[in-house]
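First comes the structure, then the notes that go with it.
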There are 2 protein chains.
Amino acid sequence: MYNKQDRILRAAEKIIANGGIQGLSMQHVANEAGVAAGTIYRYFKDKNELILTLRRDVLAQVAEAILEDHDQGNLEQRFKRIWMKMYHYGKQRTPANLSYEQYAHLPESNTDEIRQIELQLFAPLLHLFEEGLKQGSIQPLHPRALYALSMEPAMTLARAIRRGLIEYQTEEIDLACELCWQSIQVKTEQHAKGAVRT
Amino acid sequence: MYNKQDRILRAAEKIIANGGIQGLSMQHVANEAGVAAGTIYRYFKDKNELILTLRRDVLAQVAEAILEDHDQGNLEQRFKRIWMKMYHYGKQRTPANLSYEQYAHLPESNTDEIRQIELQLFAPLLHLFEEGLKQGSIQPLHPRALYALSMEPAMTLARAIRRGLIEYQTEEIDLACELCWQSIQVKTEQHAKGAVRT
DNA sequence: ACACTATGAATGAACGTTCATTCATTCGTG
DNA sequence: CACGAATGAATGAACGTTCATTCATAGTGT
């Protein structure tokens with residue numbers, strides 16, 4: 001088969017997606033990957049390293065999926081494209097997405113290293129907010145706060161739909177996206193003019 | 001030396017807060033609670049029931065904290081009070097809050113029973129949105145979508161601050177709360193559609 | 001008042017199982 | 001044949017759970 005390390009990662013990803021990190025055992029990973037238990041240790045120092053590597057891997061997958069074509073168009077178009085990609089990615093029941101969710105809300109696990117990687121991978125999103133801030137068209141909040149207000153809802157909405165808590169309706173999603181974009185806009189006297197300094 | 005079942009629950013809560021659900025072992029719970037391992041089984045059928053009971057307990061704690069005085073004032077005041085309480089609760093590093101976060105994003109764990117309890121406990125929040133919908137002052141979205149857009153950001157923001165990713169600033173929080181409230185409002189004046197004038 | 005018995009909460013050693021990890025051995029290939 | 005890759009049985013620690021036992025207290029009979 002292909003790259004064995006990758007097969008092990010994909011196996012772990014799948015197991016975490018189904019049963020959470022607590023359900024991850026090395027024997028399960030070995031079975032799922034079609035590999036002997038000992039083989040895993042040729043590619044990963046121990047279980048912890050496997051989990052950490054997978055975390056980085058999944059983070060990169062998410063970033064790549066969400067930031068595709070992130071630099072096409074004006075600020076609004078770029079924002080809405082990322083928002084929609086985030087929504088559509090989060091709606092999927094793929095191992096990558098489901099395991100991503102497991103990692104995102106762990107207690108200890110937000111090491112500086114992971115934080116660094118996140119910053120690097122999602123830099124375009126940061127830049128988008130910074131650009132809007134510089135031209136005064138976006139509310140004067142920390143980029144992370146802007147993310148919380150306008151981007152996180154895409155993920156929350158996607159999760160609710162994936163779990164069957166609400167039904168999928170295109171118009172609702174479009175409206176939600178529009179409202180998220182509006183929510184962080186600075187309302188100026190004259191529409192579409194930038195630079196509101198106080 | 002109060003209620004022993006409660007001492008066991010508080011011990012489990014603390015352990016989950018520190019090490020996640022994966023870090024919960026019955027022996028740790030016993031030590032933390034100052035109780036013999038076997039004693040836990042006088043109060044809980046097995047580990048699963050302990051975890052489930054704690055989940056219900058934590059959910060009730062959160063609901064109580066967030067919905068205090070939820071019926072005082074007009075729609076906006078009620079919304080903002082809940083938003084602020086949510087934010088302040090989520091900012092805490094208490095076992096209850098930290099373990100709540102662990103439960104919220106599990107893969108399988110959203111059983112119908114838990115879903116039912118959530119619905120019941122957070123009914124006032126649902127009613128608030130429904131009231132706004134009925135009088136046409138709130139955007140025509142499913143209450144869960146409204147929650148995702150306007151309430152979840154409070155939790156996300158609180159988490160970012162708790163983790164030290166952004167600094168706490170009262171004005172920023174007030175602005176964020178205001179923007180969340182505005183984001184789901186139907187603009188009643190002549191500029192109800194996309195373009196914004198004054 | 002007293003002696004004796006019954007109760008059941010609490011214990012913690014012990015059990016079987018599962019886990020992560022190791023390593024002597026086998027396999028595949030150049 | 002040589003050598004790294006792969007194996008999977010073996011290992012011991014840790015796990016959830018059980019249960020024979022302890023012991024303070026409540027109940028009962030005299």
Side-chain angles (χ1 to χ4, degrees), chain A residues 1-58 95 98-99 102-103 106-109 111 113-114, chain B residues 1-58 95 98-99 102-103 106-109 111 113-114:
Chain A
M1 286 276 165
Y2 278 93
N3 185 356
K4 202 158 280 195
Q5 164 154 352
D6 219 63
R7 259 169 57 204
I8 294 168
L9 283 175
R10 296 288 79 75
E13 188 181 77
K14 188 173 171 184
I15 289 166
I16 288 178
N18 288 333
I21 291 181
Q22 47 178 340
L24 186 86
S25 90
M26 298 303 264
Q27 335 238 17
H28 283 148
V29 173
N31 289 350
E32 183 69 40
V35 151
T39 305
I40 299 174
Y41 290 84
R42 298 208 72 78
Y43 297 93
F44 304 96
K45 194 177 116 274
D46 54 21
K47 189 184 182 183
N48 214 49
E49 197 189 276
L50 167 61
I51 289 176
L52 204 74
T53 306
L54 178 60
R55 183 170 194 181
R56 283 189 285 254
D57 182 286
V58 166
L98 294 175
S99 62
Q102 298 305 304
Y103 279 118
L106 290 178
E108 270 297 300
S109 60
T111 67
E113 195 222 338
I114 292 290
Chain B
M1 266 282 179
Y2 276 93
N3 185 356
K4 201 158 281 192
Q5 165 154 351
D6 218 63
R7 261 169 55 204
I8 293 169
L9 283 175
R10 296 288 79 77
E13 187 181 77
K14 188 172 170 185
I15 289 167
I16 288 178
N18 289 333
I21 292 182
Q22 51 183 140
L24 185 85
S25 91
M26 298 302 263
Q27 333 247 8
H28 282 147
V29 174
N31 289 351
E32 182 69 39
V35 150
T39 305
I40 299 174
Y41 291 84
R42 297 207 72 79
Y43 298 93
F44 303 95
K45 192 178 120 275
D46 53 20
K47 189 184 183 182
N48 216 49
E49 197 190 274
L50 167 61
I51 289 177
L52 204 72
T53 307
L54 179 61
R55 184 170 193 179
R56 283 190 284 255
D57 183 286
V58 166
L98 294 175
S99 63
Q102 298 304 305
Y103 278 117
L106 290 179
E108 271 297 300
S109 60
T111 68
E113 195 221 338
I114 292 291

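Being a predicted model, the structure only gives us computed values, none of them experimental. Note on naming: letters A, B, ... go to the chains in the order of the sequence lines (proteins, then strands), and numbering restarts at 1 for each one.
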- Message: I need the NZ-C1' distance between B:K47 and C:dT17, as an integer number of Å.
- Response: 14 Å
- Task: May I ask you to decide if A:I114's main-chain N or O and A:R55's side chain share a donor-acceptor pair within less than 3.5 Å?
- Result: no
Going by atom type alone, with no hydrogens or angles, which donor-acceptor pairs under 3.5 Å involve a side-chain atom of residues 46-53 of chain B and a protein atom two or more places apart or on another chain?
{"from": "B:D46", "atom 1": "OD1", "to": "B:N48", "atom 2": "N", "distance (Å)": "3.3"}
{"from": "B:D46", "atom 1": "OD1", "to": "B:E49", "atom 2": "N", "distance (Å)": "3.0"}
{"from": "B:K47", "atom 1": "NZ", "to": "B:L24", "atom 2": "O", "distance (Å)": "2.8"}
{"from": "B:E49", "atom 1": "OE2", "to": "B:K45", "atom 2": "N", "distance (Å)": "3.3"}
{"from": "B:T53", "atom 1": "OG1", "to": "B:E49", "atom 2": "O", "distance (Å)": "2.6"}

- Note on the structure: salt bridge (charged side-chain N to carboxylate O under 4.0 Å, His left out) filter on B:R56, not counting sequence neighbours, yields B:E113
- Query: In whole Å, what is the span from the NZ atom of B:K45 to the P atom of D:dT17?
  - Reply: 8 Å
- Query: Any idea which of C:dC19, D:dT17, C:dT21 is nearest the A:S25 side chain?
  - Reply: C:dC19
- With sequence neighbours excluded, give me every salt bridge (Lys or Arg N to Asp or Glu O under 4.0 Å) pair touching residues 19-30 of chain B. none
- Task: With sequence neighbours excluded, tell me which residues meet salt bridge (charged side-chain N to carboxylate O under 4.0 Å, His left out) with A:K14.
- Result: A:E32
- Note on the structure: Whole-Å distance, B:I15 CD1 to D:dC15 P, equals 11 Å
- Which residues satisfy the side-chain contact (heavy atoms from CB on, under 4.5 Å) test with B:A37, sequence neighbours excluded? B:A30
- Quickly work out the A:Y41 OH to C:dT21 C1' distance and round it to whole Å. 5 Å
- Note on the structure: So CG of B:N18 and CD of B:E13: to nearest 0.5 Å the spacing works out to 11.0 Å
- Query: Distance from B:S99 atom OG to B:I15 atom CD1, nearest 0.5 Å?
  - Reply: 11.5 Å
- Item | Annotated protein contacts, base or backbone, on nucleotides 24-30 of chain C with a non-hydrogen cut-off under 4.0 Å, one of B, S, - each | -------
- What does A:L50 touch in the nucleic acid at a heavy-atom separation under 4.0 angstrom: a base, only the sugar-phosphate, or nothing? nothing
- From CD of B:E49 across to P of D:dT17 the rounded distance in Å is 11 Å
Give each protein N/O atom lying under 3.5 Å from an N/O atom of nucleotides 7-10 of chain D, with the pair distance.
{"from": "D:dT7", "atom 1": "OP2", "to": "A:A36", "atom 2": "N", "distance (Å)": "3.0"}
{"from": "D:dT7", "atom 1": "OP2", "to": "A:T39", "atom 2": "OG1", "distance (Å)": "2.4"}
{"from": "D:dG8", "atom 1": "N7", "to": "A:G38", "atom 2": "N", "distance (Å)": "3.4"}

- Item | Pairs flagged by side chain to side chain donor-acceptor pair (under 3.5 Å) wherever residues 33-43 of chain A is involved - sequence neighbours left out | none
- Note on the structure: In whole angstroms, the gap separating C1' of D:dA13 from CE of A:M26 amounts to 16 Å
- Message: Looking at A:Y43, I'd like to know whether one of its side-chain N or O atoms comes within less than 4.0 Å of OP1 or OP2 on D:dA6.
- Response: yes
- Item | Whole-Å gap separating C1' (D:dA14) and CG (B:N31) | 13 Å
- Query: For B:N48 and D:dT17, what is the distance between atoms CG and C1' respectively, to the nearest whole Å?
  - Reply: 14 Å
